[in-house]
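Both backbone and side-chain heavy atoms feed into the values below; hydrogens, waters and symmetry mates do not. Below, chain A is the first sequence line, B the second, and so on; all start at residue 1.
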Amino acid sequence: MVRKHSRILLQAIGFMLVALGAPMAFAEDRSVVLVATQKAGDRGPIDGLIDGLEQAEAAFGVETRFIEALDPATFENTLHALARRGTDIIVTTFFAMGAAVQNLAAEYPETRFVVVVAAPLDPPLANARIVGYATQENAYLAGTFGATVSETGHLGLIAGVPLPYVWADVNAMTMAARAVKPEATVTHAFVQSFEDPVKGREVAAGLYDRGIDVIYTGAAASDIGVVEAADETDNLVIVASPPLVEQAPESVGFVASFEWARTMMIEIENALGDFESGFRVGGIATGEIIMTFSDAYAATNPRAPEARAATETVYDQIAAGQMTVPYDETEPK
Amino acid sequence: MNRVGQGAAAILPIGIAVATCMLLFALAGYDIISVILGVTEGALTGFGSFQQTLRWAMPLLLIALGFLFCLRAGEFNIGGQGQMMMGGLGSVAVALLFPGPVWIAMPTALLAGMLCGLIWSGFAGFLKVRYHADEVIVTLMLNFIAVLLVSWVTTGPLKDPAVRGETASTPKIDSALRLGGSDGISPTLLILVGLAILAAWVIAERSRMGVQLRYVGKAPQAARWQGMAVRRLKFQAYLLAGTFAGLAGAFEVLGPNGRLVTGATPTIGFTAIVVTIVGLSRVPGIVIAAIFFGGLQAAILFLPIVSDLPSSGIKILEGMIALFVTAEFLRHWRQR
Amino acid sequence: MRPTAVRCDGITVQFGQVRALDNVSLAFPVGQIHAVLGQNGAGKSTMAGVLSGILRPARGSVEICGRKIQSGQSAAARAAGLDIVHQRFSLPPSFRVAEALEFAAARKMGGLVYSLRRIERRWRERLDAVGITVDLRSRLASLPVETRQSIEILRALANDARVLILDEPTALLSPTAIDKLFRQLRELRDQGVTPIVILHKLKEVLAVADTVAILRQGQLVLPPTPKDTLTTSRISTLMVGAVSVATRCATPTKDMPAADLCRLDGIATRSRGSEPGLHDIDLTLGQGEILGVAGIEGNGQRALAETIAGLEAPLAGRLTLAGSDVTERGTAARRVMGLRMVPFDRMTEGLSLTSPLWENVQSWVAERFRTGPWPLISIARMQESTRAILDRFGVSYRTTTQRGDTLSGGNLQRVILGRELAGTLKVLLAAQPTRGLDFAATRFVWQELHRVRDTGAGIILISSDLDELFEISDRILVMRGGRVVGTFTPPYSARTVGSAMVGAAE
Amino acid sequence: MEFLDQFTVTTLRSATPIVIAAVFGLFSIRAGIFHLGIEGLMLASAFAAVAVGTASGSAWIGLAAAIAVALLLSVIYWFFIDQLRADTVIAGLGLTALCVGGTAFAMQALFDQRGQMASTVRLPRVISGVDEGLLSYVSELTVLTWATPLLIVLAWIVLRRTHLGLQIAAVGDYPYGAVAAGVDASRVRLVAILLTGFGCGIAGCQLAIGDVAGFAENMTNGRGFFALAAMLFGGFSAIATALAGLFFGFADAFGIFLQLNDRSGLPTQFVLMAPFLLTILIVTISGAIRQRRDRL
């Protein structure tokens with residue numbers, strides 16, 4: 001019995017050793033790798049970027065690959081490994097990756113690094129491109145729309161876990177709501193998980209029960225539950241990802257979403273060409289934030305057209321540079 | 001059964017688990033040749049791969065050694081995760097706030113890490129020996145709480161002003177206080193880990209306390225009649241476990257990470273438990289098992305670069321190994 | 001010629017290297033009380049296991065009431081009409097009486113879901129019929145040992161057992177309870193049940209059995225033979241082999257100075273479960289004295305031992321050891337002062353069965369291993385001293401690293417004695433030191449106790465075996481309900497001590 | 001009073017899966033198996049409920065599939081811990097990890113979806129269409145929440161009033177007595193684990209197509225571990241365990257309530273710690289009480 005098993009083991013080890021000697025095949029095409037620091041399936045940034053990656057593959061004939069690197073302790077090593085293998089373009093996400101790129105990009109001049117949503121590098125590097133994202137602009141739009149339709153003047157914001165950008169969103173949303181109704185309030189709450197729709201629903205139900213009739217949510221997979229609660233109680237929920245509208249068109253009245261796929265296409269095209277390095281901010285002004293209004297919701301709420309008009313006005317003002325929404329990540333009291 | 005037999009009995013389930021997974025992946029239509037190649041390259045043969053293997057073996061090893069003491073004392077302390085995070089928190093606080101010279105600040109930071117781990121584990125131990133609070137639940141809850149504490153520290157008191165948005169992190173520690181680079185390990189770190197292994201071995205196998213701990217775990221009644229301080233010994237086991245896990249956290253922030261980040265190494269405490277079991281609850285065995293699982297961890301990070309296998313596939317592999325690892329496939333043969 | 005109740009042919013059982021039963025063939029006729037006698041390790045319990053179908057023999061067959069049963073199937077043995085009451089109780093102690101009986105009954109109440117009231121009614125009748133008065137809702141663990149044993153026997157009879165094996169049924173019982181049990185067995189015999197009693201005490205065998213069979217080292221040395229045709233000396237010789245048998249350890253009591261080695265003043269402890277706490281216990285132990293503590297099990301002996309050992313903090317009173325007050329001090333401190341202990345249960349309290357011998361033999365807290373502040377140990381030195389101790393106490397072992405559970409019961413007790421008696425000691429607390437041991441092992445323990453006594457140490461001997469106490473004690477205390485109810489000095493009378501134990505008026 | 005209604009409903013909804021998993025988990029724990037695979041079983045059944053429910057268009061078929069998957073995984077678990085003598089705790093943790101990975105893997109391999117999956121079906125609600133008053137809250141409760149008391153009583157009857165219950169208790173409590181009574185311990189363990197699996201199947205189904213309609217990776221989010229905590233806290237008795245499960249639902253609702261009503265100025269993280277601290281406190285108190293009782 002044991003002899004038989006150990007023979008199988010030996011064979012497996014032998015097989016591994018032979019396999020080592022096999023030559024590695026490298027593709028001729030230019031390679032683009034997306035390293036996501038958040039799980040795919042968020043119906044938000046990562047899913048959008050993956051869409052963009054697929055579009056780029058079709059449009060430019062590049063060889064693409066998608067990798068999840070969820071543990072901050074692994075970020076730099078993942079980039080090292082990819083760059084060492086001669087990857088041409090590495091697109092990655094969020095602030096901590098910005099820091100990682102800052103540390104190591106200079107070692108790999110042949111590789112072009114793109115970080116979607118991060119702070120500008122200091123000093124800037126010739127082979128690194130950073131895209132900033134004015135998330136607070138989405139929150140501001142949500143605040144404008146929400147406060148206009150709200151009967152109670154009480155708005156809510158649901159997020160996954162407490163992170164600095166959440167406070168910036170709360171502050172921007174409060175600012176927008178107060179601009180519409182001076183006594184408006186924004187209450188924030190956390191699901192404590194990006195993957196718990198059941199708890200998302202309970203948190204949202206709690207908010208609605210307190211007289212809040214508009215919630216702006218951004219808690220990835222937990223959003224299913226938030227939308228569920230809005231549908232159940234016939235309240236408004238504002239989301240940041242268009243697919244959620246299908247779940248409850250009468251409750252998801254407004255979507256302010258970032259065009260992640262478009263950003264991906266812009267950046268890959270840039271990296272395949274002359275490559276303009278440095279920092280740029282994606283937002284309403286660059287056309288990367290778009291609005292979607294639900295007709296089904298508009299049919300249920302007479303104030304929806306007014307809200308739509310007000311929101312569109314704000315959008316246009318920001319787009320035209322007549323107005324800026326400050327990014328303020330101090331914790332609101 | 002002899003040592004070779006024990007070794008075979010420990011390795012065989014892992015082999016079967018891996019084979020089962022490969023079969024599953026092949027059935028799901030993935031190219032298992034590239035998976036196997038990726039694993040080998042990522043853990044052993046690739047550039048800097050073995051360094052990565054050791055880098056991941058290090059925290060696994062230290063937490064597993066700590067867990068060993070509790071396991072021997074009959075306590076199932078699954079709080080290594082939280083204890084490690086608290087250790088990192090303690091170290092990073094000292095490293096960032098302590099103004100003194102390096103030769104004082106460095107040992108102080110290490111000690112602070114160990115102390116924080118010790119306190120976190122000691123609290124669970126205190127509730128267990130004093131109030132019989134089930135340690136599995138308490139340490140699990142303390143893991144959740146440690147995550148929130150790290151989240152608070154990295155977004156509040158020790159927030160890095162340069163980092164914005166999605167990430168919560170402290171600033172980088174001054175490079176003079178670092179024990180190793182971001183790409184893995186350093187000679188200093190290896191020497192320190194070697195000392196920790198030696199210390200664990202001496203305490204576990206060659207000290208009166210180590211033998212008493214084992215005795216308490218196996219026969220608490222007999223230990224009582226012999227006058228061993230059962231509750232104190234168990235409490236000491238918790239303190240040891242916390243110290244080692246805290247050291248792992250200190251090494252993480254002073255070594256490869258260089259700072260404290262929310263969400264770093266979220267499942268390493270769980271893997272460390274498996275390491276202890278696979279290592280047959282013996283210090284040398286744990287060292288070997290830690291290197292094996294360190295290699296697996298390094299391979300997991302490398303694998304997506306060369307293979308299409310989703311990251312959930314690796315999770316399956318980890319689960320499969322844990323499911324198989326204590327199974328006695330050789331039971332019938334052993335009885336004979 | 002009577003019909004045969006149980007017959008077995010060529011039974012051989014092998015445990016690893018050891019042949020527990022070697023080609024044993026015998027037949028027990030119906031309608032008699034049969035005793036199977038033998039020393040520890042002679043194969044008595046193995047025999048019971050084979051007959052009741054729990055153990056599967058390597059060779060041989062078993063026939064019960066004329067039906068051949070598939071070996072290794074307890075259900076088949078039961079169906080054929082054989083049941084067994086083990087030395088260790090088989091009904092789960094956490095169960096209520098009615099639940100436990102229903103659980104173990106071969107014929108359950110009909111239906112998927114039972115009603116508590118209906119099963120209670122069913123068992124109430126059965127219990128009343130044999131005169132057991134007990135609350136059906138009380139948990140077994142809270143009942144006295146005798147009651148639990150009666151319930152175990154009732155359980156077996158309720159399954160319509162025609163043959164009833166009792167494995168060491170007297171081990172836990174008081175003398176009066178033993179008498180009652182024997183009466184009950186005779187009644188059963190008269191009703192047509194065939195009891196087979198496994199015993200190791202000659203006196204009890206002579207009191208109850210109609211026939212005697214003897215096992216020695218796995219071999220049947222005497223097939224079931226009518227008791228009347230046997231003499232005591234013949235039986236003894238068959239049991240232990242050619243070795244000559246002395247029934248007394250003749251060591252005269254020496255006169256020693258009466259300094260108090262151990263003194264309890266007004267000790268009281270809280271009660272625990274069915275076990276009473278101690279009430280106002282006064283006790284003194286002099287140098288060179290063996291103080292016997294008699295009593296029916298569960299009358300405070302455990303509380304007494306644990307209080308002296310320092311495992312239980314008394315509610316009131318003072319405890320002095322060699323002249324200094326140790327009431328507030330722990331077990332370790334008391335050991336350092338010269339207290340040694342042989343606990344009640346050698347398998348769980350005395351030793352760690354899964355630890356190597358050297359860990360078990362080293363006394364981790366006694367002063368001789370307090371080698372200064374240095375906390376490290378030398379395994380080589382420890383193993384060396386372990387070998388010295390094991391050899392001196394005649395333990396048969398291979399290496400000092402073998403596990404405790406590789407040794408037999410008698411050897412385990414030698415290991416414990418080796419650990420406890422190796423150094424110098426002032427007071428020895430010995431709780432049931434010979435329970436379950438065979439004659440040779442018992443004699444060894446007694447010799448060691450005498451040797452210790454002769455060095456001037458005092459011994460507190462807790463035992464439920466009156467013969468043992470009478471044999472070696474210089475003085476006997478009787479405990480009942482957590483109190484000392486009598487003190488006796490030699491010559492002892494089984495009648496007076498026995499009535500003090502059960503509380504009967506003189 | 002409005003808020004109290006909402007609080008109660010949140011408590012009930014949060015508690016339902018934990019209570020069901022915990023009460024049926026008792027079968028395993030009473031048979032002496034510390035079953036850490038509960039979390040994984042719930043997750044796998046949640047996935048099965050969404051996958052099969054959506055494919056077949058019937059929530060009831062989804063429920064059946066959820067139970068079937070949980071039973072199948074239970075058999076595997078039994079095979080490992082009973083036949084192969086694997087450590088129950090390590091194998092349980094392994095089973096959970098396997099289900100976490102396996103559901104995500106299957107979602108991608110079979111449905112080409114990542115992270116989450118919406119469900120087109122959901123469990124029916126007993127009272128529906130009521131918009132006003134007390135009933136409007138209760139109308140949000142699914143049929144399984146209403147069935148929970150029945151399930152608790154069922155579990156209690158099996159544990160305390162059937163021979164199977166006695167056999168399970170004997171196998172866990174006093175294996176020697178079980179063997180002596182001729183009980184096939186292996187088979188009893190299988191039945192106990194299957195019963196636990198049955199409960200986990202229902203609980204997982206409730207999570208995925210009960211109060212929400214969709215599956216998300218790792219959506220059990222520690223509820224299986226809370227179910228274990230409820231068993232320990234409830235001292236392995238069915239009724240007390242159900243109450244303990246209800247307590248965890250309460251702790252969840254309390255955590256949400258505290259967040260929404262937080263005026264303390266404490267950092268958010270500390271408010272979020274409240275349910276965990278509460279759990280530690282409760283486990284400590286129940287441990288101390290049990291210790292006292294054992295000593296007397």
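The candidate with the highest count of non-hydrogen atom pairs below 4.5 Å against chain B, out of D/Gly37, D/Ala91, D/Gly92, is D/Ala91. Between chain D and the options B/Pro13, B/Ser151, B/Ala28, B/Ala17, the largest number of non-hydrogen pairs under 4.5 Å is found for B/Ser151. Listed options D/Leu95, D/Ile76, D/Thr279 were ranked by heavy-atom pairs under 4.5 angstrom with chain B; first place goes to D/Thr279. Your options are D/Gly40, D/Ala109, D/Ala229, and the one with the most heavy-atom pairs under 4.5 Å with chain B is D/Ala229. With respect to chain B, the highest number of heavy-atom pairs below 4.5 Å among D/Phe34, D/Phe80, D/Tyr77 belongs to D/Phe80. Ranked by heavy-atom pairs under 4.5 Å with chain B, the list D/Pro275, D/Gly222, D/Pro267 is led by D/Pro267. When B/Met141, B/Arg130, B/Lys315 are compared by the number of non-hydrogen pairs under 4.5 Å with chain D, B/Met141 comes out ahead. Residue with the most contacts toward chain B among D/Met273, D/Met107, D/Arg114: D/Met273 (heavy-atom pairs, distance under 4.5 Å). Of the listed residues (B/Val274, B/Leu309, B/Leu149), the greatest number of heavy-atom pairs within a distance under 4.5 Å of chain D belongs to B/Leu149.
Looking at B/Cys70 and B/Tyr238, their side chains come closer than 4.5 Å, going by heavy atoms from C-beta outward. Proximity of D/Phe248 to D/Ser14: side-chain heavy atoms (C-beta onward) are nowhere separated by under 4.5 Å. A heavy-atom distance below 4.5 Å is found between the side chains of D/Phe247 and D/Leu278.
Judged by distance alone, the side chain of B/Thr276 and the main-chain N or O of B/Ala64 form a donor-acceptor pair under 3.5 Å. A donor-acceptor contact shorter than 3.5 Å links the side chain of D/Asn261 to the backbone of D/Phe257.
Exactly one of D/Asn221, D/Thr220, D/Thr96 qualifies for a side chain to side chain donor-acceptor pair (under 3.5 Å) with D/Glu39. That residue is D/Thr220.
Of the atoms belonging to B/Val147, not a single heavy atom falls under 4.5 Å from chain D. Both the backbone and the side chain of D/Ile90 come within contact range of chain B, with heavy atoms under 4.5 Å apart. With a threshold of 4.5 angstrom between heavy atoms, B/Ile145 approaches chain D through its backbone and through its side chain. Only the side chain of B/Tyr30 comes within contact range of chain D, judged by heavy atoms closer than 4.5 Å. Of the atoms belonging to B/Thr267, not a single heavy atom falls under 4.5 Å from chain D. Neither the backbone nor the side chain of D/Ile282 comes within contact range of chain B; no heavy atom of the residue lies under 4.5 Å from a heavy atom of that chain. When heavy atoms are compared at a cutoff of 4.5 Å, B/Leu317 does not approach chain D at all. Looking at D/Phe233, there are no atoms closer than 4.5 Å to chain B (heavy atoms on both sides), in backbone or side chain.
Side-chain N/O atoms of B/Asp160 and B/Ser169 include no donor and acceptor closer than 3.5 Å. B/Ser312 and D/Glu217 form no side-chain donor-acceptor contact under 3.5 Å, judged by distance and modelled atom types alone.
Classification of the D/Phe276-D/Phe226 ring pair by plane angle, with boundaries at 30° and 60°, yields parallel. Relative orientation of the D/Phe254 and D/Phe250 rings is parallel, given thresholds of 30° and 60° on the angle between their planes.
Look at B/Glu328 and D/Arg85 and you find no salt bridge, because none of the NZ, NE, NH1 or NH2 atoms lies under 4.0 Å from a carboxylate O.
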